[in-house]
Amino acid sequence: MDFVGEHILSVDQFERTDIDQVFRVADMMEPYAHRVKVTRVLQGAILSNMFFEPSTRTRVSFGCAFNLLGGDVRETTDMGSSAIAKGESLQDFARVISGYSDVIAMRHPDEGSVAEFASASRAPVINGGDGTNEHPSQALLDLYTMQKELWSRRKTIDGLRIAVIGDLKYGRAVHSLLKLLAVFDAVNVHLVAPPDLSIPMDIVEFLQSRGHSVTTFDRLEEGIQSVDILYVTRTQEERFSSQQEADRYRGLFRLNQTVYTKHCEPNTVIMHPLPRDSRRSAQELSEDLDSNPNLAIFRQTDNGILIRMALFALVLDIVDRVDDYAAGVTWNTRKRRS
Ligand code: NCD
């Protein structure tokens, strides 16, 4: 795909070559992310970071990624203090905000809302999570992390064996990840969830239509055997109709070092989109795994910066100019959507 000026709303937009392109640019960003090199290529550009649902790492890493490219970030985090609270439509809101911004990252509690906003936006919009639907930048950083972790184990995403565990019904990170994995070859997926929190059927059908193997488990100990990667998720309590209902699922699946040692192959990678629920009653991913070198959760968050820098660079068409800072070249607004 031609990324320039595009909205990034869904992983459905990505073919394998597009994923490779994002990862190549992400690799290029490493010296800048680690402050070995400095660029101000986006000097004068503004990111509007609009997060209308709780978020720490996604919001902050979008902001840091933009700052590392030299741009400025404006944060809006409270729907109650935005004009949406006065009844403004998402489209009017987009017409206004996109006039102030060069790119927009947005999270919103309703499925499809970010696409609706984007339909009226004059600046490219990146979906930071829309309800239970999608979280494309998370899926890309997860896949990028998987590729790196597997590389050191002499394995690839083609032929990957993965267990996705937890709330697969409401978890948008898993929805995007599984759809993205579907563009690879011969993936073997273990779905480990309570029956009431199973993955939407269309995602299973999509994986199967692409020739992947999908097996369902409702016992953690069975589902985590014979895989390369465990992808653990939190019960999305905020999506349930009542706290009482959400409480029924809290603490059902708990991965800890004892369970891991007993049931997993040696060196199985452990991932989680975070935040993990560390309350005693939950603990889907125990802190006793923190000293396990296969725990990749903080490598995932570090990789999030690289992936988000890459997305900005591609969408704003500055990939070839990141190094030009020394020559005094700065970003300009020629590439806006009309
Ligand atoms: C995820 C999300 O918001 O969907 N978090 C994140 O962005 N890293 C997962 C979650 O909240 O459980």
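Atoms within each ligand, like the ligands themselves, are counted from 1 in listed order. Residues take their numbers from the sequence shown, with the count starting at 1. Keep in mind the model is a prediction, meaning the values are calculated, not measured. Atom set for the values below is all heavy atoms of this structure, side chains included, hydrogens, waters and symmetry mates excluded.
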Quiz item: Looking at Leu255, Leu191, Thr233, Ile224, which hits side chain to side chain contact (heavy atoms under 4.5 Å, CB included) with Ile165?
Solution: Ile224

Quiz item: Tell me the ring pair (Phe, Tyr, Trp, His ring centres under 6.0 Å) pairs involving residues 21-41, sequence neighbours left out?
Solution: Phe23-Tyr144

Quiz item: Quick one: ring pair (Phe, Tyr, Trp, His ring centres under 6.0 Å) partners of Phe206, sequence neighbours excluded?
Solution: none

Quiz item: Ignoring hydrogens and geometry, is there a side-chain-to-backbone donor-acceptor pair from Asp18 to Glu15 under 3.5 Å?
Solution: yes

Practice problem: Compute whether any side-chain donor of one residue and acceptor of the other, for Glu111 and Thr132, lie under 3.5 angstrom apart. | Solution: yes

Practice problem: Heavy-atom cut-off of under 4.0 Å around ligand 1: list whichever protein residues fall inside it, by chain and number. | Solution: Arg57, Thr58, Arg107, His135, Gln138, Arg172, Arg234, Gln236, Pro273, Leu274, Pro275

Exercise. Can you sort out the partners of Asp158 under salt bridge (Lys or Arg N to Asp or Glu O under 4.0 Å), two or more places apart, ordered by chain and number?
Key: Arg16

